[in-house]
Amino acid sequence: MLNFRIIYLNFFVENSGEDMAASDSNAESVNPVLRVSQLDALELNKALEQLVWSQFTNCFHGFKPGVLAHFEPEVKAFLWLFLWRFTIYSKNATVGQTILNIRYKNDLSQTEKYQPLSKHQKLWYLICSVGGRWLEERCYDLFSNRHLESFCKTKHFINFVAGLLKIGGLLNFLVFLQNGKFATLTERILRIRSVFCQPQNVRQIGFEYMNRELLWHGFAEFLIYLLPLINMQKLKVRISSWCLPIAGLSNSENTLVNYCKECSVCGEWPTMPHTIGCPHVFCYYCIKSNYLSDMYFTCPKCGMEVHNLQPLKYKIEMTEVDFL
């Protein structure tokens, strides 16, 4: 998400520069809003709705499960109506817009001065936002158990209209990316535009920070892709063999007896001792399990690969090793 936001800013910052041109010092003058700020306001509105709904459902944790299931669309519509009353209706701005110092302007007026929304625009905004979502959520329940031909036709018609609205929303978003006006289809239909409440300074963007973040995230993704391809155990053994080389190894019986004191993998007394072609000894289960999991397994002591797994030929008793 961070990479998308950074790329989005880099791509549209030049197109949005004209939106931040200095305006008159009059508090009633119109100040266009950046595309990013309009999208941020929409995300803040969604976050507020989710927060309000989660807090509301917490009040019914002590009740029987599913008590709100049958009336959930109506309860949500009532909550969104409550939010509309104290945001759009009274302040001409949503909660997200208020946080970002943004409000709606009646774009039907011919003057450049700020004009608040008319009552008709506010009511239609309520119908399109709250009523449309309620109808979309309740449509399935209203017509699922109805088998009459008239109800089926109505259901198909509503689904067709919903599909057209989604296509229109997509086209509107593409146009919004081009000219920076009317982030949603409802705003374009009602001709309500987002403007700053007060004159804003030019938004300074640190491109050095963005480039550093992009470079770091790309490097981190490369490491996440590369690390599973590295055989860490073999690399560790190879480095240890370079740092602690073992020289002067003898194939005599006394040298082999000395290495028979402990398993080269677990460090304990070797159980069913086996060799792999080097002077070191392994427990049968230690060397077998490691070789099955890694066919390129090498001796942790000297780094020799497994050539042939054979049981130890020398019969060494515990008393002999203790005596040594």
Side-chain angles (χ1 to χ4, degrees), residues 1-16 34-37 39-40 42-44 46-47 50-51 54 170 173-174 177 203-251 255-256 258-312:
M1 185 64 182
L2 178 59
N3 289 341
F4 173 78
R5 179 57 57 81
I6 293 174
I7 295 173
Y8 183 89
L9 286 173
N10 281 322
F11 182 77
F12 290 108
V13 65
E14 294 183 358
N15 294 334
S16 301
L34 286 173
R35 299 169 178 83
V36 176
S37 299
L39 296 179
D40 286 342
L42 295 177
E43 293 298 326
L44 289 174
K46 295 178 182 178
Q50 294 177 359
L51 180 61
S54 63
L170 175 60
F173 184 73
L174 297 177
L177 294 180
R203 186 172 181 176
Q204 300 293 335
I205 301 175
F207 292 99
E208 296 180 358
Y209 172 77
M210 296 180 190
N211 295 333
R212 185 166 61 251
E213 287 294 323
L214 286 174
L215 181 62
W216 169 248
H217 282 279
F219 180 70
E221 292 176 359
F222 175 74
L223 288 181
I224 293 174
Y225 171 78
L226 183 62
L227 286 179
L229 304 179
I230 301 176
N231 190 336
M232 300 302 296
Q233 184 177 5
K234 188 174 181 180
L235 181 62
K236 181 179 179 181
V237 171
R238 184 60 58 86
I239 295 175
S240 62
S241 64
W242 291 342
C243 298
L244 299 174
I246 299 178
L249 292 178
S250 175
N251 293 328
T255 303
L256 189 58
N258 290 332
Y259 285 115
C260 284
K261 291 181 180 180
E262 62 180 18
C263 173
S264 298
V265 175
C266 64
E268 302 293 336
W269 180 266
T271 303
M272 300 175 61
H274 280 65
T275 62
I276 60 174
C278 68
H280 302 94
V281 180
F282 305 86
C283 297
Y284 172 75
Y285 297 104
C286 293
I287 186 63
K288 193 66 175 178
S289 60
N290 282 277
Y291 182 68
L292 290 176
S293 62
D294 183 11
M295 61 181 301
Y296 300 104
F297 176 78
T298 57
C299 176
K301 300 293 185 180
C302 61
M304 179 178 290
E305 295 184 357
V306 179
H307 295 296
N308 52 351
L309 181 61
Q310 296 180 355
L312 188 63

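All residue numbers refer to positions in the sequence shown, counting from 1.
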Find the distance between NE2 (H280) and OG1 (T275) and round it off to the nearest 0.5 Å. 12.0 Å
Residues which pass side-chain contact (heavy atoms from CB on, under 4.5 Å) with F219, listed by chain and number, not counting sequence neighbours: W216, L223
Can you name the side-chain contact (heavy atoms from CB on, under 4.5 Å) partners of L292, sequence neighbours left out? K288
State which residues pass ring-ring contact (aromatic ring centres under 6.0 Å, His included) with Y291; sequence neighbours excluded, sorted by chain then number. none
Taking side-chain contact (heavy atoms from CB on, under 4.5 Å) as the test, write out the residues that go with I224, two or more places apart. none
Of all heavy-atom pairs between P300 and F297, which one has the smallest distance, and what is that distance? CD-CZ, 4.1 Å
Partners passing side-chain contact (heavy atoms from CB on, under 4.5 Å) against I276 (at least two apart in sequence or in another chain): C278, F282, I287, C299, V306, L309
